[in-house]
Structures are given as C-alpha cells and as structure tokens.
Colleague: 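Structure incoming, see below.
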Amino acid sequence: MKKSRLSLLLVATLALGACKESPLLSDSAVIPLPQEIRNASGSFELTPETGIKLIGTGERLTKIGEHLAEKLRPATGFDIPVSFDAGQLVLELTGNGDSEAYEIDISEEEIKIASSGEAGLFYGVQTVLQLFPKEIVNKSVQSVDWAIPTGSIKDEPTFGYRGSMLDVARHFISIEDVKYYIDHMAVYKFNYLHLHLTDDQGWRIEIKSWPKLTEIGGSTEVGGGDGGFYTQEQYKEIVAYAADRFITIVPEIDMPGHTNSVLASYGELNPGVNLPDGDFSTVTKAPLEYEVMLKVPQASELYTGIEVGWSTFATRLELTYAFVDSVTREISEITPGPYFHIGGDESHVTEKGDYVYFVERVQDIVSKYGKTSIGWDEVATAKLLPGNIAQYWSREDENAKLANEQGNQILMSPNTRAYLDMQYDSTSRIGLHWAGYVELDKAYSWEPTELIEGFTNADILGVEAPLWTETVTNRADIDYLAFPRLTAIAEVAWTRKEVRRWESYKRRVSSHGERWDIQGVQFYKSPTVSW
Ligand code: TNX
C-alpha cells in the first residue's frame, strides 16, 4: 500500500518535471560530445550585469577571456567586462601546462570553467558558447533568455592531433577564407590545420631563395585561373591567427611526385638533366593530352588539369636536395609548430629505390631544421626516423602496418570516411568519388582504432580530414563539402567511442545547422538528418 502511494508520488513528480520542461544540460547540442555531462536542476542566466572573471596567471588568460566576451557581446548587447575582480563567468587557469582537459560547473549563480592549461580553458569556452541558445551567433542584438541548464561537464580529447587539411594548391584559397575555416575549426576543438601548399598545379608559398616558384609556379591553378600564393608575411599572419585559436599550422611541400609546378619554374630541376645526352624520352610521363618530350633540360609546362602521379623530382640530382634544403629551411623558420609535411604520395613515376632514397634524405633535412616529418602513408616503405608520422589515406593497410612495425605513429585520414572532397552521393554538385560516396553517417560512424587490425589508441596520433580542392573554387564550395562532415570528424577525434552515438550526433548536428543558417554557412543538408 505504502509502496504504491510512493510510486504514485514519483510519477506525479516526474510528470510535473516534464510539464515545466526545464531543459537538461545533457540535452544540449555540444559537438564534439563532451566525455562526461552531469545534470542538476535550475539554470544560469546571462544578464546585462554579467561579467567575466579571470583567475590565475598566464599570458593568454586575458585573451581567452576577451575571446569569450567578443563572442557574447554582439547578440546579447551586454557589456560583458573582463577583469580579475568580479564576474559570473569565471575562467580559472589552475596551472601553466598544455593540458587540453577542462571542467565546467554551472550553478544558478555562476559558470566556472577550469583547466590547468590554456588550451583546455579555450576548449571550455567553446563548449560554453555552444550551450547558449543558437541566437548567440547573431551579429546583431537578439531578445532571448540567455539561459543554460545547470550541471557539470568533465572533458578531454581522446586524440592529441585533431586536424583538417586545406589543399590551397589545386585552387588557391585566399587568406580571408583560410581564416574563416580556422574560425570554424576552433569551434569544434581542432588543433592542427595542414596546408597542402604545393602540387602539380601550383606553388603557394614565397621562397626567397627560389623566387620563380611563386612567379611562375604560383601563376595558375586547376581550370587555368590566376592561382596565387602567400608571401612569407602572409603565411606568418595565418600562423598567428591560427595560434590565437590554439591551432598549429602544418605546412606541406608535396614531393617527389606532385611537383610539376616546381619543374615548370626551374628547368634545371627537371629529371632530364640527370640523364645521359640525348636520352630524354622518359622525362615526363604526363597524361596523354599533356605529353611533352623534352629534348634539352628545360622547364616543363604549367599544368591545370587534375590527373595525379605523373611528375617527379630528379632524385639522384644533388641540386634537388639543395632545393629541398632551402625550402625546408625557409618554411621551418616561419613555422613554430613541430611538424613539416613532406608529401610522398602517388609518386608513380619515381623508381621504387629512388623514392626510398629520396624520402630518407628529405627526412634528414627536415630533422636538421628541428621539425618532425609527416608523410602520406607511402613514406612507410622507407626507413622512418623515430617519431615521424605516416598519414594513412590510401586504405593500403600494408603501409600503415609498415609504419607501425617501425614504431611510428599513424595519422588517420581514411579516404572512405575522412575525405571532405568526396561527393555525398551521386547528386552532389561538386566533389570527386574515386573513393566512393561519403554521406554524413559514413563520415561519423567509424572508429580510428578499428580500421587496421590490432591498432590501439597508442598507435594513432590522431585524425585529419583533408579537403582537396580540384572541384572547390569558392567559399560556398568549402561550406558545402566541409559542413556538416567536418563536425563528424571532430567528434571521431575527440570523443571516446563508448559515448559516441550516431542518433545523438544526428540530433546535435541539426541544431548546429540552425547556427550555420544564421551565419550564412551554405552547408549540405544531408537527408540523413532532419534539419
Ligand atoms: C589523392 S590523397 C591525392 C590527392 C588528390 C586526391 C583527390 C592523396 C595523398 N593524394 O592528390 O587531390 O586524391 O581526392
């Protein structure tokens, strides 16, 4: 009797709770999903009096506080002062390490974000921004109750490298658009932006000791457009802009294949120079429509098509290594991050032995300038230096295993899951499909450790989503291919598999779609989600 009355009471209480419809913290649409969310009852509300209070020391603490304030001011219209004195949004830096973990405590009185690292604090800020109603992304004042359910969050990334790549070689991407992309990456807690700076169709970074690379090699792009390049000053500007958002730039010089833009700029680097007199017939193995038989060592023609795998450096020519040395030195000097990407993919016309010789010599050069090499997975057919990384893309598990056996970590970019340039389905207006179609659920539903037998988290450095740009010519194209898939990859890289669920992500990403609509992001409205 007593028991049944009690359960009646329970039902009534639950029903009442449902009527009040006070949202729970765990119903929020945070991407990537935090590792742990606990609910409480009640809510915190931002008011015209709310300020940000900083606790701790650290160069970047004030900047992080200002970053939060700047994101909150336009839509709320509130002042949101940042100080060390008072405030209901508390940012506490409890150490001076580079921890990416953070905790958030939300009570009715205050929101406190704490981390022992600046990066962690920045990520806590990103999470809090996603907890506010979607209107917070507006650039003009909105009348909304700026409320967040109470509770707590404990979070940290599963993988230390969470990246995306922009191919600025096939089509040049303006600094403005690169910054735009960086802004979006920061929201989803990415920490590496890989810039594919060179390819057959274009050379996009100023090298002072080899000026024709940009004069000639930078002058066009796929389809014959004007191309373009970053001066070293502009590259530094990108590096700094990314660093402010806790994103590290990884520059890539793709070699020994994918190098026609170099060979078009400097004839003396053409493989022909190395061959005995008169025997230049094998110099270029270009696609048929582009076949040129070089009779004398001379620059090759600029290329604006999209075939891959037909160009190569002269790997036995000393001048090639003098060239690689200068390029690596100049770029390393303006790259604070630890990695230098040496490409190494699809060198179909480089003899096997020459390829291995080349990769090993280039690794030494990179290491001489204090950087760690990353290479596309084919580099694992050479002897990798300790600590160097192989980027798994080709689905050639053999290459990943070769790297693993040598004790080197893998960066995961499986083309069937993580390639942002693949079409979603046969109706996609741009994109390629040589690796199949990659719908949103396919980009989301995979686990980095489960692609190659026997791999554990320790074998994997992280995850990266490349955006190749053969078919990408403007910001709308970037939007369409990167969103929403970039957010799926963010969650694969950040959230441990035990708490990831497609059904949950699907609900959350739809809410991000509402934010993108407000911001004018022209994302792909995948039919797998109800937007
Ligand atoms: C293969 S992925 C390439 C790129 C192309 C891409 C197009 C990789 C390491 N090489 O050169 O842009 O396919 O999807």
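Throughout, numbering of the chain's residues begins at 1 and tracks the sequence. Counting convention: from 1, in listed order, for ligands and their atoms alike.
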Colleague: Less than 3.5 Å between some nitrogen or oxygen of W434 and one of ligand 1, yes or no?
Modeller: yes

Colleague: Considering the heavy atoms of L432, write down every atom of ligand 1 situated less than 4.0 Å from one of them.
Modeller: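 So the atoms of ligand 1 that pass are 7 (C), 14 (O).
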
Colleague: N/O of E470 under 3.5 Å from N/O of ligand 1, yes or no?
Modeller: yes

Colleague: Using 30° and 60° as the class limits, which term best fits the ring planes of W376 and H341: parallel, tilted or perpendicular?
Modeller: tilted

Colleague: Does the distance from a Lys or Arg side-chain N to an Asp or Glu carboxylate O, for K236 and E333, drop under 4.0 Å?
Modeller: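 No, no charged N to carboxylate O under 4.0 Å.
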
Colleague: May I ask you to decide whether E100 forms a salt bridge with K189, counting only side-chain N to carboxylate O separations under 4.0 Å?
Modeller: no

Colleague: How are the rings of W210 and Y266 set relative to one another: parallel (under 30°), tilted (30 to 60°) or perpendicular (over 60°)?
Modeller: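 Perpendicular.
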
Colleague: Which of the atoms of ligand 1 are close to D421, meaning less than 4.0 Å from one of its heavy atoms?
Modeller: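 That gives atoms 7 (C), 14 (O) of ligand 1.
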
Colleague: I'd like to know if D425 pairs up with K442 as an ion pair, taking the criterion as any Lys NZ or Arg NE/NH1/NH2 lying under 4.0 Å from an Asp or Glu carboxylate oxygen.
Modeller: no

Colleague: Can you sort out which atoms of ligand 1 are near M422, meaning under 4.0 Å from one of its heavy atoms?
Modeller: 14 (O)

Colleague: Taking the side chain from Q234 and the backbone from I175, do they hold a donor-acceptor pair closer than 3.5 Å?
Modeller: no

Colleague: Which is closest to atom 8 (C) of ligand 1 in terms of heavy atoms, T471, D345, D254?
Modeller: D345

Colleague: Could you identify the single nearest non-hydrogen protein atom to atom 2 (S) of ligand 1 and state the distance to 0.1 Å?
Modeller: Y419 OH, 2.5 Å

Colleague: Only heavy atoms of W376, strictly under 4.0 Å: list the atoms of ligand 1 that pass.
Modeller: 9 (C)

Colleague: Backbone or side chain, does any N or O of R170 fall under 3.5 Å from an N or O of ligand 1?
Modeller: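 In this structure, R170 places an N or O atom under 3.5 Å from an N or O of ligand 1.
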
Colleague: Please work out which of the three classes, parallel, tilted or perpendicular, describes the rings of Y505 and Y444, given edges at 30° and 60°.
Modeller: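 Rings of Y444 and Y505: parallel, as their planes differ by under 30°.
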
Colleague: Using non-hydrogen atoms of the residue, decide whether Q391 is closer than 4.0 angstrom to ligand 1.
Modeller: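 No; Q391 lies far enough from ligand 1 that no heavy-atom distance drops under 4.0 Å.
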
Colleague: Regarding ligand 1, does W393 bring an N or O atom to under 3.5 Å of one of the ligand's N or O atoms?
Modeller: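 No: no nitrogen or oxygen of W393 is under 3.5 Å from one in ligand 1.
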
Colleague: Does an N or O from D199, backbone or side chain, lie closer than 3.5 Å to an N or O of ligand 1?
Modeller: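 No, there is no polar N/O contact under 3.5 Å.
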
Colleague: Before accepting this row, confirm whether a basic side-chain N of the pair K134/E514 lies closer than 4.0 Å to the acidic partner's carboxylate O.
Modeller: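 Result for this pair is yes, salt bridge flagged.
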
Colleague: Begin with the C-alpha distance, continue with both residues' side-chain angles, and end with the deciding distance and a verdict on side-chain hydrogen bond (donor to acceptor under 3.5 Å, both in side chains) for E252 and H196.
Modeller: CA-CA 5 Å; E252 176 184 355; H196 183 77; 2.8 Å; yes

Colleague: Could you identify the single nearest non-hydrogen protein atom to atom 3 (C) of ligand 1 and state the distance to 0.1 Å?
Modeller: E346 OE1, 3.3 Å

